[in-house]
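A quick write-up on the structure given underneath.
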Amino acid sequence: MSKFEIKMPKLGESITEGTIISWSVKVGDTINEDDVLFEVNTAKVSAEIPSPVAGKILEILFKEGDTVAVGTVVAVVQLEDEEGESEDAAPAPAAEKKAEPSTPAKAEEKAAPAAASAEPAVSAPATKNSGDRWYSPVVLGKARDAKIDKDELDAIPGSGYEGRLSKRDIEKYIDNKKKGISATEAKPKSAAAEKPAAATASHSQTNDAPKPAVPVAVADGDTVIAMDPIRKIIADRMTSSKKISPHVTNVIEVDVTKLVKWREENKDAFKKREGISLTYMPAIVEATAKALKDFPRVNSSVDGYNIIEKKRINVGVAVSLNDGNLIVPVVKDADKLSISGIAASVSSLANKARANKLMPDEIQGGTFTITNFGSFKSLFGTPIINQPEVAILGVGIIEKKPSIVETPEGDVIAIRHKMYLSLSYDHRVIDGMLGGNFLYRIAEYLENWNE
């Protein structure tokens with residue numbers, strides 16, 4: 001019998017470590033493929049980690065509450081022997097031996113944004129893009145029974161971590177094949193294949209604790225509070241972003257009277273029809289997505305001296321959590337969604353975020369971020385760019401203000417609904433003219449709102 005190493009998975013582009021919340025197994029337990037092994041909490045998501053193999057738990061290397069670097073071995077499974085297993089399954093243990101032994105120090109090194117590759121939940125051959133894609137004995141057995149050859153098997157999208165093909169994936173594929181449904185029609189591209197090509201742009205982040213500019217004295221009565229894992233990563237990410245991108249911020253005041261009137265007229269019918277409240281955020285996301293299509297340079301990332309303009313427009317919307325931390329779930333292909341579709345997506349993602357139920361794919365692949373300072377009655381703010389993006393929009397509170405309005409009969413003073421928008425952008429690729437024009441275009445869409 002051979003052994004299989006279970007590693008701490010990477011559940012997001014910038015995730016370098018995870019905290020084991022609970023183990024669902026103990027040493028000596030016999031497990032099946034896809035049985036839940038443990039629950040992990042990271043800066044962006046909580047998730048239950050399934051086993052990619054069937055076998056017996058030989059070792060559990062970390063206890064509940066331990067924070068473990070991505071790529072570190074957390075458990076060892078003794079694989080089951082399968083009688084009549086084909087020769088196709090033989091390379092799996094050999095490929096596993098090729099994986100470099102993982103130590104916490106090396107794992108942290110690999111997990112930093114400087115690394116172009118993402119560490120899988122299991123040993124290296126499990127990655128979808130590997131030349132030697134790993135398959136469990138269960139998957140290989142089902143493929144043999146269905147007479148699926150290796151080339152066809154390699155082309156099936158996997159829903160597991162790093163594109164791993166699970167038992168459910170192969171069963172669904174075989175069922176769809178019998179019905180004449182192709183893999184492309186049956187399943188969208190896996191999340192592993194959608195990772196930004198410029199994920200290496202955030203190359204300055206470190207796991208080292210920040211050193212204060214001057215020594216900090218702790219006096220009697222002061223309370224010292226250790227940052228939780230999420231706050232540590234937020235601190236590192238924000239510091240890193242300031243070092244990576246020269247930030248510039250533009251601010252504009254927007255007359256959103258038409259938008260406010262539209263919402264008031266439609267919110268009751270919308271709630272009855274869609275089952276969710278109609279907020280201003282869907283309109284802001286739609287206006288932003290339109291402006292990103294008009295100015296594609298803002299929908300980009302930086303890789304060294306290359307600018308990568310993204311084809312997809314995936315808008316992240318920052319959500320404040322009940323514990324005081326922050327997460328940014330992503331509305332995928334926002335430019336292709338109706339206002340109802342955007343509203344449903346924003347509402348669903350926000351609810352999942354606050355319930356700690358977000359999936360890894362729902363926090364990855366963002367190309368632009370929106371953060372709402374108005375939720376806290378702030379006029380505006382100067383947000384920090386969410387790497388590897390190059391701009392972020394801040395939304396202020398909507399207030400009634402006296403304003404001069406031009407009419408055919410002359411200028412009049414009227415009560416209008418106004419709000420400030422602020423755009424922080426990376427001056428390496430966005431200059432004042434582009435940043436200003438992009439921000440003004442969002443304002444135009446909102447001021448002339450006519451859904």
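Note that the coordinates shown come from a computational prediction; the quantities given were computed from them, not determined experimentally.
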Over all atoms of both residues, closest heavy-atom pair of Gly18 and Met8: O-CE, 3.6 Å
How far apart are the closest heavy atoms of Lys7 and Gly71, and which atoms are they? CD-O, 3.3 Å
Say you draw a straight line from OG1 of Thr257 to NZ of Lys401; how long is it, rounded to the nearest 0.5 Å? 11.5 Å
Could you tell me whether Arg263 sits above the aromatic face of Tyr280, with NZ or CZ closer than 6.0 angstrom to the six-membered ring centre and within 45 degrees of the axis? yes
Derivation of the side-chain hydrogen bond (donor to acceptor under 3.5 Å, both in side chains) call for Thr369 and Glu389: CA-CA 8 Å; Thr369 296; Glu389 299 163 15; 2.7 Å; yes
Counting only heavy atoms not in Phe380, do more than 12 fall under 6.0 Å of its CZ? no
Between the CG atom in Asn306 and the OG atom in Ser301, the distance rounded to the nearest 0.5 Å is 12.0 Å
With sequence neighbours left out, what residues match Thr279 under side-chain hydrogen bond (donor to acceptor under 3.5 Å, both in side chains)? none
Listed by chain and number, what are the side-chain hydrogen bond (donor to acceptor under 3.5 Å, both in side chains) partners of Asp335, not counting sequence neighbours? none
CD1 (Ile385) and OG (Ser424) are apart, to the nearest 0.5 Å, by 6.5 Å
Please evaluate residues Phe270 and Ser340 with respect to the criterion side-chain contact (heavy atoms from CB on, under 4.5 Å), reporting the C-alpha separation (whole Å), side-chain torsions for both, the decisive distance (0.1 Å), and the verdict. CA-CA 9 Å; Phe270 188 90; Ser340 296; 3.7 Å; yes
Modelled atom types, side-chain donor and acceptor of Asp236 and Thr239, under 3.5 Å: no
Decide side-chain contact (heavy atoms from CB on, under 4.5 Å) for Leu349 and Val319; before the verdict, give the C-alpha distance in whole Å, the side-chain angles of both, and the deciding distance to 0.1 Å. CA-CA 9 Å; Leu349 290 170; Val319 176; over 6 Å; no
Within a 6.0 Å radius of atom NZ on Lys177, are there more than 12 heavy atoms belonging to other residues, nucleotides or ligands? yes
Establish, from distance only, whether the side-chain atoms of Lys310 and Ser300 form a donor-acceptor pair under 3.5 Å. no
Nearest heavy-atom contact between Val25 and Ile60 is O-CD1, 3.6 Å
Would you indicate whether the side-chain heavy atoms of Asp426 and Pro246 approach each other to under 4.5 Å? yes
Heavy-atom check, side chain of Ile170 versus side chain of Ile156, under 4.5 Å: yes
Please determine if Asp333 and Arg312 form a salt bridge, counting it only when a charged side-chain N lies under 4.0 Å from a carboxylate O. yes
Classify the side-chain pair Tyr425/Asn250 by whether it contains a donor and acceptor separated by less than 3.5 Å. yes
Between Thr67 and Thr19, is there a side-chain donor-acceptor contact under 3.5 Å, judged purely by atom types and distance? yes
Between the side chain of Lys332 and the main-chain N/O of Asp361, is any donor-acceptor distance below 3.5 Å? yes
Closest non-hydrogen atom pair, Ile284 against Leu393: CG2-CD2, 4.1 Å
Given Leu421, which of Ile370, Val254, Thr288 fulfils the side chain to side chain contact (heavy atoms under 4.5 Å, CB included) condition? Val254
In Å, rounded to the nearest 0.5 Å, how long is the span from NZ of Lys267 to CD1 of Ile276? 15.0 Å
Decide yes or no for Phe376 and Ser320: does some side-chain heavy atom of the first lie under 4.5 Å from some side-chain heavy atom of the second? yes
Step by step, work out the side-chain hydrogen bond (donor to acceptor under 3.5 Å, both in side chains) result for Asn372 and Ser375. CA-CA 6 Å; Asn372 186 6; Ser375 298; 3.0 Å; yes
Could you tell me whether a side-chain N or O of Asp222 sits under 3.5 Å from a main-chain N or O of Val218, the two making a donor and an acceptor? no
Side chains of Ile174 and Ile148 in contact at under 4.5 Å (non-hydrogen atoms): yes
So does Glu444 pair up with Arg441, basic N to acidic O under 4.0 Å? yes
Heavy-atom count check: over 12 atoms from other residues, nucleotides or ligands less than 6.0 Å from Lys261 NZ? no
Any side-chain donor paired with an acceptor under 3.5 Å for Ser422 and Thr249? no
NZ/NE/NH1/NH2 to OD/OE distance under 4.0 Å, Lys232 and Asp228: no
Under 4.5 Å between any side-chain heavy atoms of Glu286 and Leu337, yes or no? no
Do Thr72 side-chain atoms and Ala69 backbone N/O form a donor-acceptor pair below 3.5 Å? yes
I need the minimum non-hydrogen distance between Ser24 and Val36, along with the two atoms involved. CB-O, 3.4 Å
Taking the side chain as every heavy atom from C-beta outward, state whether Leu358 and Ile327 have any atom pair closer than 4.5 Å. yes
Please determine whether side-chain contact (heavy atoms from CB on, under 4.5 Å) holds for the pair Val256 and Lys418, giving the CA-CA distance in whole Å, both sets of side-chain angles, and the decisive distance to 0.1 Å. CA-CA 6 Å; Val256 290; Lys418 298 286 191 78; over 6 Å; no
Would you please test Glu362 and Lys352 for side-chain contact (heavy atoms from CB on, under 4.5 Å) and show each step? CA-CA 10 Å; Glu362 292 172 324; Lys352 283 185 176 182; 2.7 Å; yes
Start with the C-alpha gap between Phe438 and Phe368, add the side-chain angles, then the distance that decides, and say whether ring pair (Phe, Tyr, Trp, His ring centres under 6.0 Å) holds. CA-CA 13 Å; Phe438 172 74; Phe368 186 91; 5.7 Å; yes
When you check the side-chain N and O atoms of Gln387 and Ser245, is any donor under 3.5 Å from an acceptor? yes
Pro157 side chain reached by Tyr173 side chain, heavy atoms, under 4.5 Å: no
Under a plain distance cut-off of 3.5 Å, with no hydrogens placed, do Asn325 and Arg231 share a side-chain donor-acceptor pair? yes
Which heavy-atom pair separates Ile6 from Pro52 by the least distance, and what is that distance? CD1-CD, 3.6 Å
What pairs with Glu399 under side-chain hydrogen bond (donor to acceptor under 3.5 Å, both in side chains), at least two apart in sequence or on another chain? none
CD1-OG distance between Ile397 and Ser378, expressed to the nearest 0.5 angstrom: 8.0 Å
Close side-chain approach of His247 and Ile384, heavy atoms under 4.5 Å: yes
Taking atom types as modelled and ignoring hydrogens, do the side chains of Glu447 and Tyr440 form a donor-acceptor contact shorter than 3.5 angstrom? no
Heavy atoms of other groups near Glu406 CD, more than 12 under 6.0 Å: no
So, Asp66 side chain and Lys63 main chain: donor-acceptor pair closer than 3.5 Å or not? yes
Can you confirm whether the side chains of Asn299 and Thr367 place a donor and an acceptor under 3.5 Å from each other? yes
Gap between atom CD1 of Ile252 and atom CG of Leu423 - 0.5 Å precision: 10.5 Å
Aromatic ring pairing Trp23/Phe38, orientation class (parallel under 30°, perpendicular over 60°, tilted between): tilted
